[in-house]
Amino acid sequence: MKMKSHIIGFADLDERSLQRDLNDLSKMEYSSAYSEYKSGTWESIILANRTGDFTNGMSEEYNGSAKMTTWGKNLPYLMDLVKQVFYTDEIKSIRIFKAANKGLIIPHRDYMEFKKGFTRIHIPIQTFLGCLNSELDTVYHMNKGEIWFVDGHVPHSGACLNNGERLHLAIDFNASLNPSCCLKHPICGYHKPLIINREEFNHYDRSSILALAPLLTEENFKWILHLLAQIHFHKNTSAQAMFQWIHELASISGKSNLINAAKLYRKKFIGNFDTRDYSLLHPLVA
Ligand code: YCP
Ligand code: CO
């Protein structure tokens, strides 16, 4: 299936200026906002937002344009890049999303807490092999300098499955803007993203997951959830399947506290998104 997220342009990065900013960035303080979504290291640095205060890491819907924070003002190359590449009037936030050292952001849907949400654009500024993103049943790699519209309305995730730091510039625009209208020079035509081929996910994999049911406790619930969040990056199943599995695991355990926890997680991360078709892709025909 064609992805909702797609490449909308290319940024011509000047390596020396970029490295100067990245060096300064390494000294900046990360926000702990949204830490309930992370497994291992996933953090953001706030470069611009409603108030211009870098300690305010939560997304906000508002009228007007984002104000630069102290951190933003100290990254002149990246901020110039934003001004050159985008129409800035409708920018609501500029952040750095970091995933590092086998860390990831657990599959989720964005904007469920908002009226409209945002049009979110990513530009990878430091990345390497093993830095992966997912959307529904697709896993892909975003190359450095590609300008991506990332559709947060459907379940998705981002990971750095190696050691090292993967950094994306993430820019939120007014949700009423079409992705390519945010850009001064959108590209024409379709640019094929780098899709990752994964091992098959089969019935044995699924029963191995469900075999964890007798071991599931309130104490290890998060660990198991984090384990489940990784699977789709390696095997051909969907980002959202983990919420079906955790629900099944809890149901098999029969414990109401675990069933409730599974329901709560699922609601917070993907809302009412239907996972049933995705727990096992390509099921064997009976
Ligand atoms: C946001 N949603 O929309 C956050 C980013 C994951 C959850 C991290 O700002
Ligand atoms: Co997201």
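Order of appearance sets the numbers: ligands from 1, and atoms from 1 within every ligand. For the numbers below, each heavy atom of this structure counts, side chains included, while hydrogens, waters and symmetry mates do not. Residue numbers count from 1 along this sequence. As the structure is a computational prediction, the values presented were derived from the model and not from experiment.
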_Where ligand 1 meets Ser59 - atom numbers and elements under 4.0 angstrom, heavy-atom basis_ = 1 (C), 3 (O), 9 (O)
*Applying a strict 4.0 Å limit to heavy atoms, is Phe118 in contact with ligand 1?*
no
_Under 3.5 Å between any N/O of Arg95 and any N/O of ligand 1: does that happen in this structure?_
yes
*Are any of the N or O atoms of Tyr111 closer than 3.5 Å to those of ligand 1?*
no
_Identity and distance of the protein heavy atom lying nearest atom 2 (N) of ligand 1_ = Asp110 OD1, 2.9 Å
*Counting from 1, what ligand 1 atoms have a heavy atom of Ile105 closer than 4.0 Å?*
6 (C), 8 (C)
*State plainly whether the residues Lys2 and Glu135 are in salt-bridge range, i.e. N to O under 4.0 Å.*
no
*Say whether Met58 and ligand 1 are in contact under the criterion: heavy-atom distance to a ligand atom below 4.0 Å.*
no
_Residue from Tyr111, Phe114, Phe118 passing ring pair (Phe, Tyr, Trp, His ring centres under 6.0 Å) with His153_ = Tyr111
*Are the side chain of Arg166 and the backbone of Asn101 linked by a donor-acceptor contact shorter than 3.5 Å?*
no
*Near His108, which atoms of ligand 1 are under 4.0 Å from a heavy atom of that residue?*
6 (C), 7 (C)
_Main-chain N/O of His232 paired to Thr237 side chain as donor or acceptor, under 3.5 Å_ = no
